[in-house]
Amino acid sequence: MSELTDLVLHAQTIAVYEPKSTVYVTLWGEKVLDSAMPTTALLTGTDANLAHSAALALEIIRRNGPQTRPDLAAETGLGRTALTQRIALLQEAGLLSEGEYGESTGGRHPRLLRFNASAGRVLAVEFGATSVTVGLTDLAGEIQALTSASQDIAEGPEPALSRAEQLAQTLLAEQPPQEARLWGVGVGLPGPVEYATGRPSAPPIMPGWDGYPVRERLTTAFQAPVWVDNEVNTLALGELRSRPELRNQDFFYVKVGTGIGAGLVSGGRLHRGAQGSAGDIGHVAVAGADHVPCRCGKYGCLEAVAGGGALSAQGLQAAKDGRSPFLEKRFVEAGTITAEDVVTAARHGDHFAVDAISASGRTIGSLLATFVNFFNPAMILMGGGVITGSGQLLASIREAVYQRSLPLATRDLTISTSHLDSRREGGVVGAAHLALDELFNPATFQRLITHGPPRSVQELQLPMASAQG
């Protein structure tokens, strides 16, 4: 076992097999690839301060990639003995493993310490207005399986969540038995969510969802802790966690789909506000639009004037009035007009569609300029079906933002489409990291490593005296 000379293992509790070149570890009485969470008894009694500092060390490796011991010591400020103790703890917990040799700075080449992302799975669910996407990821948020289906969120929580559960169970059934145990579930919903409770709060496009116990229902279904947030927050989090260059940045993520919303990131941290409603720009009033009703019950809201739903309604009226030959033909074929139809019409040079999208972009951009002056972000990332399909809309937004913002605020500002596809994997990656950030929170890490993956948020947050009792 020369390949394991530097590995800290306890022979009385962990059995190691080495068929050919693959190392297996037996825990919980099962042989699994790499390693998994140990039994409760293995790490029971771990000191809270030790667990907290071990979590901080693990966070460095999770965020920055494999580290040598000297590099990790420099990052954490821990001495050799203290660092060795924390590394041993993380290795015993199955969360850290030895990798290949790193660069030598004199003397023998040091081993790289790697985060064992394969130790568990996370379920991620992203709801849009008309679809649901479900994915399974490893503990690094890398997608292992992905599926999606049409689902109208306005049908209510029962059919929508049942559909998500069906998709998730199908994905889980396709996984090897040892990989089907979920560590957590992250969910994005297209409406305001009270983050502390995981319950939607008066969501305009989600009738029947107000106060619905989404967390409790999915916890029962999957026997794992569940965290729920607004979908634009999960999209922003997906970008933040998947792009190292954004780590300490200030940026907006703006989604223009059926509605309009924003996720705010300040200093590399998602900003939810006091109750979780930060970034709900779709219901900011637009000057001179007091006559336009919004689904929230008010008048003149941004999404009612310039969102995908507004483009759809304007396009339908133009098709009926004969002001758009392209949309008139489409209406005859399909019996309705969508925002995507208006975008397609604009790409074909339809004058009405071009004007409608330009007006929508100017309205969105003018409002964003106010937030640029107030928040001074380094960048604005744009996503959503309407943005993805229309370069013209993005150009109009850019033009309005640069025209109406202060020169200092826009001097280095970039406005671009998101890196991840907001209609596919973007929200799933973010929803997974929503759960992962909570699971590996240093404040609750002691509970995780002494008792294994929790079966609810409440269980993870139990005081250690109660948890051990």
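Counting from 1, the numbers follow the sequence of the chain as shown. Side chains are part of it too, since the values below use all heavy atoms of this structure and drop only hydrogens, waters and symmetry mates. Keep in mind that this is a model prediction, so the values were computed, not measured.
For the pair Leu270 and Leu434, the minimum side-chain heavy-atom distance is 4.5 Å or more. Taking the side chain as every heavy atom from C-beta outward, Leu462 and Leu460 never approach each other to under 4.5 Å. Here the side chains of Val125 and Leu123 are in contact, with some heavy-atom distance below 4.5 Å. At least one side-chain heavy atom of Leu189 sits less than 4.5 Å from a side-chain heavy atom of Trp209. With contacts defined as side-chain heavy-atom distances shorter than 4.5 Å, the pair Phe127/Leu161 qualifies. Residues Arg330 and Thr338 are not in side-chain contact: their nearest non-hydrogen atoms beyond the backbone lie 4.5 Å or more apart. Side-chain atoms of Thr76 and Leu56, non-hydrogen and from C-beta on, never get closer than 4.5 Å to each other. For the pair Met382/Ile380, a side-chain contact is recorded, criterion being any heavy-atom separation below 4.5 Å from C-beta on.
When only modelled atom types and interatomic distance are considered, Ser324 and Asp350 share a side-chain donor-acceptor pair under 3.5 Å. A donor and an acceptor atom, one from each side chain of Ser396 and Glu399, are nowhere located under 3.5 Å apart. Side-chain atoms of Ser148 and Arg424 form a donor-acceptor pair, as typed in the model, at a separation below 3.5 Å. Checking Gln151 against Thr130 by side-chain atom types alone, no donor-acceptor pair falls below 3.5 Å. Side-chain atoms of Gln249 and Glu245 form no donor-acceptor pair, as typed in the model, at a separation below 3.5 Å. For Arg295 and Thr258, the side-chain atoms include no donor-acceptor pair closer than 3.5 Å. Side chain to side chain, Gln223 and Thr219 fail the donor-acceptor criterion of an N or O pair below 3.5 Å. A donor-acceptor contact under 3.5 angstrom links the side chains of Ser358 and Gln392, judged on distance only.
Panel note: side chain Ser360, backbone Ala356; no donor-acceptor pair is recorded below 3.5 Å. In this structure, the side chain of Ser366 does not engage the main chain of Thr363 through any donor-acceptor pair within 3.5 Å. Remark: the backbone N or O of Pro200 is not paired with any side-chain donor or acceptor of Glu194 at under 3.5 angstrom. Not one N or O on the side chain of Arg86 forms a donor-acceptor pair closer than 3.5 Å with the backbone of Ala54. Gln275 places no side-chain N or O within donor-acceptor distance of the main-chain N or O of Gly273, the cut-off being under 3.5 Å. A donor-acceptor pair is defined here as one N or O able to donate and one able to accept, closer than 3.5 Å; no such pair exists between the side chain of Arg272 and the backbone of Ser277. Panel note: side chain Ser312, backbone Ile337; a donor-acceptor pair is recorded below 3.5 Å. Within the 3.5 Å criterion, the main-chain N or O of Arg323 finds no donor-acceptor partner in the side chain of Asp321.
Crowding of Arg404 atom CZ: a count of heavy atoms from other residues, nucleotides or ligands under 6.0 Å not exceeding 12. Atom CZ of Arg247 sits in a crowded spot, with more than 12 heavy atoms from other residues, nucleotides or ligands closer than 6.0 Å. Annotation for Tyr299: atom OH does not count as buried by contact number, only 12 or fewer foreign heavy atoms lying within 6.0 Å.
Between Arg163 atom CZ and Ser131 atom OG the span is 11.5 Å, to the nearest 0.5 Å. Remark: Gln403 CD to Arg362 CZ distance equals 9.5 Å, nearest 0.5 Å. Separation of atoms CG (Asn230) and CG (Asn233) is listed at 5.0 Å; rounding is to 0.5 Å.
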For Asp210 and Arg199: C-alpha separation, side-chain torsions, deciding distance, then whether salt bridge (Lys or Arg N to Asp or Glu O under 4.0 Å) applies. CA-CA 7 Å; Asp210 185 30; Arg199 299 192 176 201; over 6 Å; no

Walk me through whether Arg447 and Glu459 qualify under salt bridge (Lys or Arg N to Asp or Glu O under 4.0 Å). CA-CA 9 Å; Arg447 174 67 183 79; Glu459 184 180 315; 3.0 Å; yes

Take Arg217 and Glu158 through the test salt bridge (Lys or Arg N to Asp or Glu O under 4.0 Å) and record every step on the way to the result. CA-CA 10 Å; Arg217 168 165 176 158; Glu158 181 60 38; 2.8 Å; yes

Would you please test Arg63 and Glu75 for salt bridge (Lys or Arg N to Asp or Glu O under 4.0 Å) and show each step? CA-CA 12 Å; Arg63 295 282 181 252; Glu75 286 281 348; over 6 Å; no

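Residue Ile260 is tested with Asp280, Ile364, Val284 for a side chain to side chain contact (heavy atoms under 4.5 Å, CB included); the sole match is Ile364.
Taking the six-membered ring for Trp and thresholds of 30 and 60 degrees, Phe440 and Phe115 have ring planes more than 60 degrees apart, a perpendicular arrangement.
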